[in-house]
Every structure is written in structure tokens, then in C-alpha cells.
Amino acid sequence: MALQRVLLGAALLWHGVIAGLSDFAPAAQKSTTSSSANAPRKLHGRFLHITDLHPDEFYRVHSSTDEAEACHRGNGPAGTYGAETSDCDTPIALINATFDWIAANLKDQVDFVIWTGDSARHDSDEEVPRSQAQVLGTNRMIADKFAELFAHPNGRGLTVPIVPTLGNNDILPHNILLSGPNQWLQHYTQIWRHFIPEVQRHSFEFGGWFLVEVIPDRLAVFSLNTLYFFDRNAGVDGCGNPSEPGFKQLEWLRIQLQFMRARGMKAILMGHVPPARTDSKKLWDETCWQKYTLWLKQFRDVVVVGVYGHMNIDHFMIQDTHDIDLKLLTDPTQEMFSTREAMQDELSVESATDYLQELRDGWSKLNPPIVPGVPGSVNGDKTKGRKKNRGGRGKKRKDPWGERYQLSLVGPSVVPNYFPTLRVIEYNISGLEDVPVWADALETQVATDSEPADQKHLDMRDVTDSELDANLGLEDGFEIENDPEKAEPNPSKNRKKKTPKHPKKDKNPNLVIPDPPAKTSPPGPGYSLQPLSLTGYTQYYANLTHINNLTLDAKSQDDFDLSLSWTEWLMRWRQGKHRGKTPVAPKPEPREFTYEVEYNTFEDKIYKLHDLTANSFVKLAYRMGQRAKGTGFDLDVLGEDDWEEDTAGEIGGEDEDSEGDSDEDDDGFEMEKEKGKKDRKKKKDRKKQNKAWLHFLGHAFVSTVEKDELKDLA
């Protein structure tokens, strides 16, 4: 028995992918009578993304949703499972019901869990200020629920890996996390002991970042501590100075991604605060955004996608590598001239209007792929309903896989600022059906009593570039690569260039630019459908209006200013859709709790996402970015046959035949006819709505906003 325990402990120290299995009772002391426990484990090709739970132990049913009470006191419409569309936090009843539903419906169908932070309530009630014990207590509660839910039936640890990350409300004061080691990172090392690989716990205390090989030797999930990138964290100062934890984290990421490439592995990056950035707003410090985007450009053959939370709304963002500014990276002092302002603490509906519209404006300028062999594209076929090659977008794109762009998926939250949500993301496991799964790695290591020669973990306090080169076996170093769209060889300039023997350093001696993919490398899984590419997702939500089953008295509605416009309502504390009302029944009578499918990308006929590669989202974003003629954007060019046919003759095209008289088309442009105007010329001026954009807004707010109200945002 003693020898077995020694072997188990040694294996755990050697292999960093087994997150905390040694913290559970020894396997030899557990029952092995369960046939299901001994059945071979297989990959399912799915993982769960859950974010922003915000449990509130002070939540009271039938309390007031007013800002002064925050669902803690008073009399009002706070339901059993939460006050939907309000700024109140999550009752424990909703937390318990969510985990019960996962246990009954998802537990045995996912390969790993990505948990992107914020598992403490907001500090929104002056009468009940948050304490360290409360913040850590609710985080410990959620961590223990995950450990219990996915506990191995034989008691050998977990059946699947859980990968957590720090949210900006998981610390005190919120947003402010100083460089490690510090007490917060020490506390979370203990709270997440089941999830952080044993070999990485020491470095986690130093910086709060780690990785887990969720599919051993195939796929790793990187838990990034985005609080060190967060522009509102006044305790740190970006990623330009080597003394800053953000700089050190990105150096760790660079080195680990190089290891992933050397081992033929792929990576999913995850964190709490996403790299949101528009023309006027940002969430990350600019030096961090610039370096992160550069890293992803250079490691586009390795990184599959980024998965984030924090913002509460269901959406995505596309980083454009054309926005990389090497001058800023070589001279970080240039950031002082940036015109972008830090976004509010968290993006709820109060700032969603401007943010989403700025995203849309940026999407309208994307360069979508042109598919050969369809009308209006590179084969010279006749273009109907749009001007061929307008603005150069009809030309053959030199970047057919969309490697200029990077995708970040931002999941909506469990906290019912809208409706509670969960997301199950599917990925391609072709050829991986029989590979060893995460929970089998321990047995494999004990049996082989060895460690892969290239599996190493570096402590970023001591690593040097020469040590990195030696560890990776780099011989020729690398050069800075041009943009993918301009990277095709030019026969007239086919001159050999010498490459440096060490990573190239520009004017800034601290800037080491990673090696790009080899010129012979195929596109990575984030760009070309292949094993480990994301194929789609299912969005679940709990309709609390139906489930809470409140019967409300509207008499006290007079206390609320009903003259507020919807936009004005967005800009204040949200009391929710039942604002000012009180329940008639003295006791709550909720219906059975359940999550149901809001939508899934496999069947959504408006999104038309065939997969979740970069090109699929670039096409969708470009479609949503277009506006009717006369509003600053045209639909003259869309780039795909079905778009052209759907909009031909309606919006800015050369052919104005009867196709333009349809109220709706399949691709998503809804036209609002002005009554009494039957004249053909006047029809051209009627208001047009981008149906795909309205569809997107509806999902952004988790189906809580009526279509007529959404049009105010369109």
C-alpha cells in the first residue's frame, strides 16, 4: 500500500495534467464494484462553458429589486430562482438547481469544463459590504460543487478536468490584484487544489495562471489570469515592463505555446475578462492586447480559440492582426496617446448599446472570404444585385483561411441579469475516438513509470531565452512574419534571406517575437476544419419568468418613472422587468426548474455557421455589419451567392426587379414598408433592417428583450 501511494505521488509530480488527484482518498481504499466505473472512457467531443455565477447568500425571495435593497430587503418581485433582467445577484437556489440540472443532463456527456470566474456577489449593497470570508466562501462552495459533481465513482479524483480562472469580483477590492505571490493567490491555490496540476501550484501562487492537458498530448486549456491584463486593475501596469506580472504571464504563454507546437498539441485559451477593443473602448491595457494578438498571430497553428466571460452578454469578438502596432510594443510609452477609454467595470446593458454598435461598425469593414465558383466571386461570373469588386472586396483574397483574424467567444452568465445560461461547445474528435482521456492519464503514467521527454514546466522567474532555445532544440531561430494576406511568395522577389540564430529582438530588448508557423504548415484548427476544431455550440437558458411563476400586483408601479425611454432605462440600476411590482401570493409557488435550448449553431438558419472557424465568424460578422443604403454602409457586396440572391434588388444593387418586394429574405434582411407608399421609387427609400443583426441582439440579451425594443438598437 505504501509503495502504491509513493508511485501515485511521484506520477502526479511528473505529469502536470492531472489536476489535484492526490487530494482525494487513495484509489486502493475505494470500491471497484461499479461496472460503469470500470467501463472504458471515451471522448464525447463536447465541453461545458459556465461563467459569472455570482452567488449571493443574502438574496431573499420576494424582496425588492430596487438599488437600495438589491434583493436583500424590502418587498418586491424577486423570484425563487432570481430576479431576471435586474442587477441583483444569484440566489443559492439557482446555484443548486443549476448543478442539479448539469448532473442530470450534461455530467456524462462532456470531456472538460471551462469555468471563467466571478463566483462571488457584487459589492452593490452598502448595508452589507463584502468581506474576504464571503468572497472566498462562495468560491469554495462552487469549487466543492464541481468536485462533488464530477467526482470519480471509484473515488480516484475527478472524471473530467475542471479549469477555473479568477474573475474581477473574486478578490477584494474588486478589480485590484497586486503582483504575486499574495494572499489571494495562496487562498485560491487551496480552493482549486482539485483543479490545478500539482506541479504548477507553486507557480500559480506566483502569478495565478496555469494549464491543463484536457486531452493528454493532444489539447491543453490555458487558464489566463486576465486581471493582470485588465485596464481597471490599478495594482499593475500593463505588459510592457518585465517587472509587471502581465509581461511575465505573456512570456510564460509564449514559452508554453512553443512547447505545444513542438509536441504537436493544440490549445484553447480562457480567462475572465475578454480582449474587448473597439475604436473608443477597451477592457485590456493596450500593451497586453497588442502582445496577446501578436502571440496568437504567430501561434495560429496552435491556438484554437479564446473563451471568456465577464460581460454577461452572448456575443463574440474578432481581433484583427492588422491592428498590431510594433511601434507600441517596442516603445510602450506611445500608449499615452491612445484615444480608447476603459470600459465600465463590467459590460451590462447600461453600456451595451454603444459597445455593440461599435463592434458592428468594425465588422462592416472586415474582409470576408470569397468562395471560388459562385456568382460574383473570383471566377468572373455575372454578379447580380451588387457592384462587382466594389472596394476591392471582389478580388481573390490572399488569406483564404482568414488567418488575419482571431476569434474570442464570450459566454453569457448564470447570474440572471437576463436569463441564466449554460453553453455546451462541440469540437471535432475525428481520429481521436480511442485516445486516452484525462482521467486515464494516471493509470498510464503509473504503468509506464515514465514522463515524456519534452514535457517540462518552466518557472518564469528564472527562465532565459538561451535556456528556452536549449529546451526546445531551436536551431535557426525565426524571423518576424508579414501579414498572412501578404505572405504568398512573389516570384519576382524570390531572394533568400538570412534568419537570425536567436529570436529577433527589436529596439526593445525585452520584446521577443515568437516564431510563426512553418511555411509548409497547414492552417490550424481555428481556421480549417480538422480534429479539435470547434464545430458548434448549444446555448441553454432558464426562463425565470415562467419558472418563478410570480403573480404580481402592479399598484406600486406608480413609484417608478414610467416615462423613461428604454435607452434611459439601460443607463441606470436595473430593477428588472417586474420593477415596482409586489407578489400577490404570500408564499412562492415556482414551477419545476429546467434549462432549455435557446438556440444552437448547428440549426440556426440565420447565423448559418457551418462550424466555428474564423472564416465562419468573419462572414457572419460582415453580414451583420452591413446597413441599408444611405446609413453609411451598403450591401452592394456580401461575398457569397446566398447573400447576393437574398438581397439582390433590395439594397443598393443594380437590379431592382421584383425580388426586392419581399418583406423578408432567407439571409436576414427585414424590410419595413411605409404605409401608403406604393410608388416604386419610394420603395427604394423605405427603412431596411438587418435581420441577422436583430437576431444577434436578441441572443445577446438572452431572449429577454422584445423585437420592437431591439429595433431601437439596430
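Taken to the nearest 0.5 Å, the CG atom of Asn139 stands 5.5 Å off from the CD1 atom of Ile191. We find the NE2-NE2 distance between His315 and His699 to be 15.0 Å, quoted to the nearest 0.5 Å.
When atom types are taken as modelled, the side chain of His174 and the backbone of Asn168 share no donor-acceptor pair closer than 3.5 angstrom.
Under the side-chain hydrogen bond (donor to acceptor under 3.5 Å, both in side chains) criterion, Ser131 pairs with no residue at all, not counting sequence neighbours. For the side-chain hydrogen bond (donor to acceptor under 3.5 Å, both in side chains) test, no residue two or more places apart in sequence or in another chain qualifies with Asn225. Evaluation of the side chain to side chain contact (heavy atoms under 4.5 Å, CB included) rule for Gln183 yields Gln132, His187 as partners, not counting sequence neighbours. Under the side-chain hydrogen bond (donor to acceptor under 3.5 Å, both in side chains) criterion, Thr116 pairs with His49, Thr51, sequence neighbours left out. Residues that satisfy the side chain to side chain contact (heavy atoms under 4.5 Å, CB included) test with Pro412, not counting sequence neighbours, are Asp314, Thr421, Arg423, Gln539, Val702. By the side-chain hydrogen bond (donor to acceptor under 3.5 Å, both in side chains) test, Tyr427 pairs with Asp111, sequence neighbours left out.
The ring pair (Phe, Tyr, Trp, His ring centres under 6.0 Å) test with Tyr292 singles out one residue from Trp284, Tyr228, Phe222, Phe247, and that residue is Trp284.
The minimum heavy-atom distance between Val305 and Leu407, with the atom names listed, is CG2-O, 3.7 Å.
Salt bridge status for Arg277 with Glu286: present, with a side-chain N to carboxylate O gap under 4.0 Å.
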